[in-house]
Amino acid sequence: MVEEDWVCDPGLMANRLLMNFYESGSLFLPSDGLARQQAAFEDFYRTEAAQAAELARPEVERFVFGFLDSAVRVTGQWDTDALEAHVTAAIKETTSADRPVLRAIEESPDPKRAAETMIAQMALDGLTEATAMSQNLGGAFGAEQSELFKIFIDEFGYGVFDAKHSTLFAELARSVGMNDQPHHYWYFYLPSWIAGNNYFYKVTRSRTDFFRYIGGMAFLEATFAPSFAAMTKTFRSVYGDAVDTRYFDEHAHIDEHHGRMAVYDLLLPLGRKHGAYAIQEMVRGIEEVRLLGRIGDEDLLAQIAWRPEAIDAAGTGGEPLEPGGAFETRVADRDTVIAVVEGEAELHWSPTGAPLRFGSGQSVRVPRGRLYGVVPGEGSAVTLSEAAEGTR
Ligand SMILES: [Fe+2]
Ligand SMILES: [Fe+2]
């Protein structure tokens with residue numbers, strides 16, 4: 001998969017599949033008790049599913065992450081000084097860059113929908129925060145193992161549920177009227193954001209990716225504090241006092257420390273101890289995470305900026321979309337036109353906010369790369385076709 005093909009329907013499906021593989025390695029229990037969901041619980045964790053997943057996983061990982069091998073090139077001789085210079089420059093570049101996603105939310109004509117589209121993406125990690133990190137707590141790798149644990153216990157609120165970062169995220173979601181259960185907004189995850197989350201599962205599951213993980217994690221922890229401080233401002237401007245910003249505020253504070261700890265107590269000591277190979281891998285991790293972050297930002301920005309409109313234009317054939325099926329979303333592989341021949345339809349393109357309703361003789365254009373779901377009205381005739389060149 002090459003970089004420009006990243007945001008597509010197969011990319012969405014592959015990333016969803018990978019997310020299920022990885023998450024079946026962690027425990028999820030329904031917050032209202034197991035009783036009503038025991039069958040689903042047993043099904044999700046059954047041995048046969050795990051075996052099938054294990055067989056398919058390497059292939060799907062190659063499909064999703066294979067492009068990183070050529071997109072990120074790390075060459076030359078690296079020592080700890082070069083690593084320090086590199087990570088410092090990467091952090092500085094990122095923290096001093098402008099924040100187009102936050103600006104787009106503030107300037108959106110529908111800022112809540114835009115903000116909530118972002119919160120739904122953040123929920124991928126936010127509601128299970130530090131699960132990937134927990135995958136490297138075991139084993140024996142010296143003083144750095146204990147340094148990693150120090151960061152981990154902060155993420156877990158020092159064993160206090162109310163202070164756990166995932167609890168703070170759930171409160172953020174509730175305060176803006178969003179659902180706080182993992183994967184409630186499953187259909188509205190953008191492929192690039194699932195991929196960013198999957199990356200951290202991948203590199204913490206594979207022991208030989210450990211140094212990449214440390215590179216990527218250290219880079220992120222060291223850039224989080226100012227980004228989360230900026231998020232508080234943006235979300236305050238959208239929701240006023242109603243929003244519970246403790247999730248952002250906590251990161252604006254604690255990641256000042258985590259950034260320093262991850263760079264100076266983990267990254268650099270590991271480089272000194274384990275040498276050129278480890279250093280090169282850590283640099284690769286930094287660059288892979290930067291690249292995935294850029295792709296995620298572009299994808300989210302495009303989703304936020306997209307304002308679908310119904311126009312009076314009849315469809316010209318195309319694939320019929322049958323009413324009554326289960327709700328599903330997909331990513332447009334090409335510029336696409338959804339047309340109502342008879343009856344009506346709804347177009348969904350964000351986790352919250354009303355869908356766009358359009359009727360007979362009307363159509364909506366979905367630009368390439370955008371995530372959407374169509375619900376045809378009962379008894380309606382709705383079609384999907386490729387947009388003709390130069391139409392809108
Ligand atoms: Fe955190
Ligand atoms: Fe942190």
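When reading the values below, keep in mind they use all heavy atoms of this one structure, side chains included, and skip hydrogens, waters and symmetry mates. One-based numbering, in listed order, for ligands and for the atoms of each.
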Determine whether the aromatic ring centres of residues Phe224 and His258 are separated by less than 6.0 angstrom.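 His258 vs Phe224: aromatic centres not under 6.0 Å.
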Identify, by name, the N, O or S atom of [X] lying closest to the Fe ion (ligand 2).
X	answer
Glu155	OE2
His258	ND1
Asp255	OD1
Glu221	OE1

Check against side-chain contact (heavy atoms from CB on, under 4.5 Å), Phe141 and His274: CA-CA 11 Å; Phe141 53 97; His274 299 286; 6.0 Å; no
What residue among Leu384, Val366, Leu371 forms side chain to side chain contact (heavy atoms under 4.5 Å, CB included) with Arg330?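 Considering Leu384, Val366, Leu371, a side chain to side chain contact (heavy atoms under 4.5 Å, CB included) with Arg330 is found only for Leu384.
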For the Fe ion (ligand 1), give me the closest N/O/S atom belonging to [X], just the atom name.
X	answer
Glu129	OE2
His165	ND1
His251	NE2

Electrostatic pair Arg57-Glu54, nearest N-O below 4.0 angstrom: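 The answer is yes: the pair qualifies as a salt bridge.
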Under a 4.0 Å threshold between the charged nitrogen and the carboxylate oxygen, would Arg260 count as salt-bridged to Asp255?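 Salt bridge absent between Asp255 and Arg260.
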Nearest atoms (heavy-atom pairs only) where Val340 meets Ala345: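 Residues Val340 and Ala345, closest heavy atoms: CG2-CB, 3.7 Å.
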